[in-house]
Amino acid sequence: KEQIKLAKELEIKNKIDFSLSDRFGAFDNTFIGNKLLSCIIICNKNYEIIDRAYAFEKVKFPYVPGFRSYRELPAMIIAFNNLHEKPDFIFIPGQGIIHPRLGLASHFSLSSGAPTIGVSDSLIGCEIKGEDIFKNGKKSGKILKTKPESNPMYVSPGNLISIETAYEFSKKLINLPHKKPEPMHLAGKYAREVRKELFVKNE
């Protein structure tokens, strides 16, 4: 009920003129035992990291399909609040409006006020027509395939950005041979560094 209610607050339109964007954010979330390591980076157009932060928090919500945001959101908000710089939009490794009710990208945006783009590997209960993804008969996202041999990614706006703009930036910020938009690749790299540091500290 809460997800359905919150979904009514979403604005799937461009909050700002994104053609002027030059600061791109991305998250990488990794579960380590009963804790979540949530890492965020902000990079510029040259893919240079201008800010980064992380949170390593105990998970307080069980794994329930469709309710991922309740499990991951607390750590993501802490990581986001630890940043000094704020991005024009953030890539989230999860669904936006293609989620049956409220995807992680949408929920994070409502909680943080930041425009978000959901990039996920999975799709539930949606119809695909060409490159377009339809949910309940309404266009909600697009398929992005960057490498012939790799599985497609499902791109959908989380909030405060349009479907077309979300797709255009997901495509534009691909830096081959990496499959995902480059900010997401950089977030994954940063997460591996942090994980290494945390475990060296604990040994």
Side-chain angles (χ1 to χ4, degrees), residues 3-29 40-45 47 66 68-69 72-73 76-77 80 83 85-146 151-175 178-187:
Q3 285 180 322
I4 292 163
K5 186 184 169 189
L6 286 170
K8 289 174 183 168
E9 296 174 25
L10 297 175
E11 292 177 50
I12 308 307
K13 58 185 182 187
N14 292 336
K15 182 188 179 184
I16 59 168
D17 180 357
F18 287 106
S19 66
L20 306 171
S21 295
D22 57 2
R23 290 173 178 223
F24 317 116
F27 269 102
D28 186 278
N29 292 343
I40 183 170
I41 64 97
I42 298 171
C43 67
N44 61 20
K45 285 181 177 177
Y47 305 131
R68 189 180 151 198
S69 61
E72 300 184 29
L73 208 55
M76 290 173 74
I77 294 294
F80 179 71
L83 289 171
E85 305 283 341
K86 291 293 185 260
D88 294 318
F89 61 79
I90 304 170
F91 287 104
I92 306 281
Q95 295 173 339
I97 59 168
I98 55 171
H99 186 279
R101 293 174 306 278
L102 187 75
L104 179 62
S106 300
H107 206 160
F108 176 82
S109 176
L110 288 174
S111 304
S112 65
T116 55
I117 299 171
V119 179
S120 67
D121 298 323
S122 63
L123 203 58
I124 310 159
C126 290
E127 199 184 340
I128 293 168
K129 293 178 188 173
E131 277 190 340
D132 297 329
I133 301 166
F134 289 82
K135 184 180 86 174
N136 302 327
K138 192 178 176 186
K139 186 175 166 181
S140 302
K142 287 177 86 80
I143 288 177
L144 178 60
K145 192 159 187 179
T146 54
N151 292 327
M153 292 173 285
Y154 304 105
V155 175
S156 61
N159 189 31
L160 305 174
I161 194 165
S162 71
I163 293 168
E164 292 307 323
T165 304
Y167 176 72
E168 278 164 25
F169 272 107
S170 299
K171 202 172 177 179
K172 184 181 170 185
L173 298 176
I174 295 293
N175 186 23
H178 304 144
K179 174 189 169 177
K180 293 177 179 175
E182 192 63 11
M184 297 185 86
H185 171 74
L186 294 173

Open item on the list: Nearest 0.5 angstrom please: H107 NE2 to T116 OG1, how far?
Closed with: 11.5 Å
Task: Geometric class of the F27/F108 ring pair [parallel <30°, tilted 30-60°, perpendicular >60°] - done: perpendicular
- [ ] Kindly say whether K45 contributes a backbone atom to a donor-acceptor pair with the side chain of R23 at under 3.5 angstrom?
- [x] no
Open item on the list: Any salt bridge linking R68 with E72? Criterion: basic side-chain nitrogen under 4.0 Å from a carboxylate oxygen.
Closed with: yes
- [ ] Determine, step by step, whether F91 and F24 satisfy the ring pair (Phe, Tyr, Trp, His ring centres under 6.0 Å) criterion, reporting the C-alpha distance in whole Å, the side-chain angles of both residues, the deciding distance to 0.1 Å, and the verdict.
- [x] CA-CA 8 Å; F91 287 104; F24 317 116; 7.6 Å; no
- [ ] For S156 and G96, indicate whether the former's side chain and the latter's backbone hold a donor-acceptor pair under 3.5 Å.
- [x] yes
- [ ] Answer yes or no: is there a side-chain heavy-atom contact under 4.5 Å between M153 and T146?
- [x] yes
Open item on the list: Closer than 3.5 angstrom, by distance alone: can the side chain of K179 be matched with the main-chain N or O of N151 as a donor-acceptor pair?
Closed with: yes
Open item on the list: So for atom NZ, which belongs to K86, do other residues, nucleotides or ligands contribute more than 12 heavy atoms lying within a distance under 6.0 Å?
Closed with: yes
Open item on the list: Would you compute the distance between atom CD1 of I161 and atom CD1 of I117 and round it to the nearest 0.5 angstrom?
Closed with: 4.0 Å
Open item on the list: For a 4.5 angstrom cut-off between non-hydrogen side-chain atoms, does P93 reach M184?
Closed with: yes
Open item on the list: Quick check against the 3.5 Å criterion: does S120 have a side-chain atom that pairs as donor or acceptor with the backbone of S122?
Closed with: yes
TODO: Return yes if some donor-acceptor pair links the side-chain N/O of N14 with the main-chain N/O of D17 below 3.5 Å, else return no.
DONE: no
Open item on the list: Between D132 and K142, does any NZ, NE, NH1 or NH2 come within less than 4.0 Å of an OD or OE carboxylate oxygen?
Closed with: yes
- [ ] Find out whether V119 and I92 are in side-chain contact, i.e. whether some heavy atom of one side chain is under 4.5 Å from a heavy atom of the other.
- [x] no
TODO: For S109 and A105, indicate whether the former's side chain and the latter's backbone hold a donor-acceptor pair under 3.5 Å.
DONE: no
- [ ] Give a yes or no answer on whether the side chain of S140 reaches the backbone of I133 with a donor-acceptor pair at less than 3.5 Å.
- [x] no
Open item on the list: If you define the side chain from C-beta out and look only at heavy atoms, does anything of L110 sit under 4.5 Å from L102?
Closed with: yes
Task: Whether K135 side chain and H99 backbone form a donor-acceptor pair below 3.5 Å - done: yes
TODO: Verify whether one side chain among N159 and S106 offers a donor that lies under 3.5 Å from an acceptor in the other.
DONE: no
Open item on the list: Would you say that I42 contacts L83 through its side chain, given a criterion of any heavy-atom pair below 4.5 Å between the two side chains?
Closed with: yes
Task: Lys/Arg-Asp/Glu bridge criterion (N-O < 4.0 Å) met for K139, E164 - done: yes
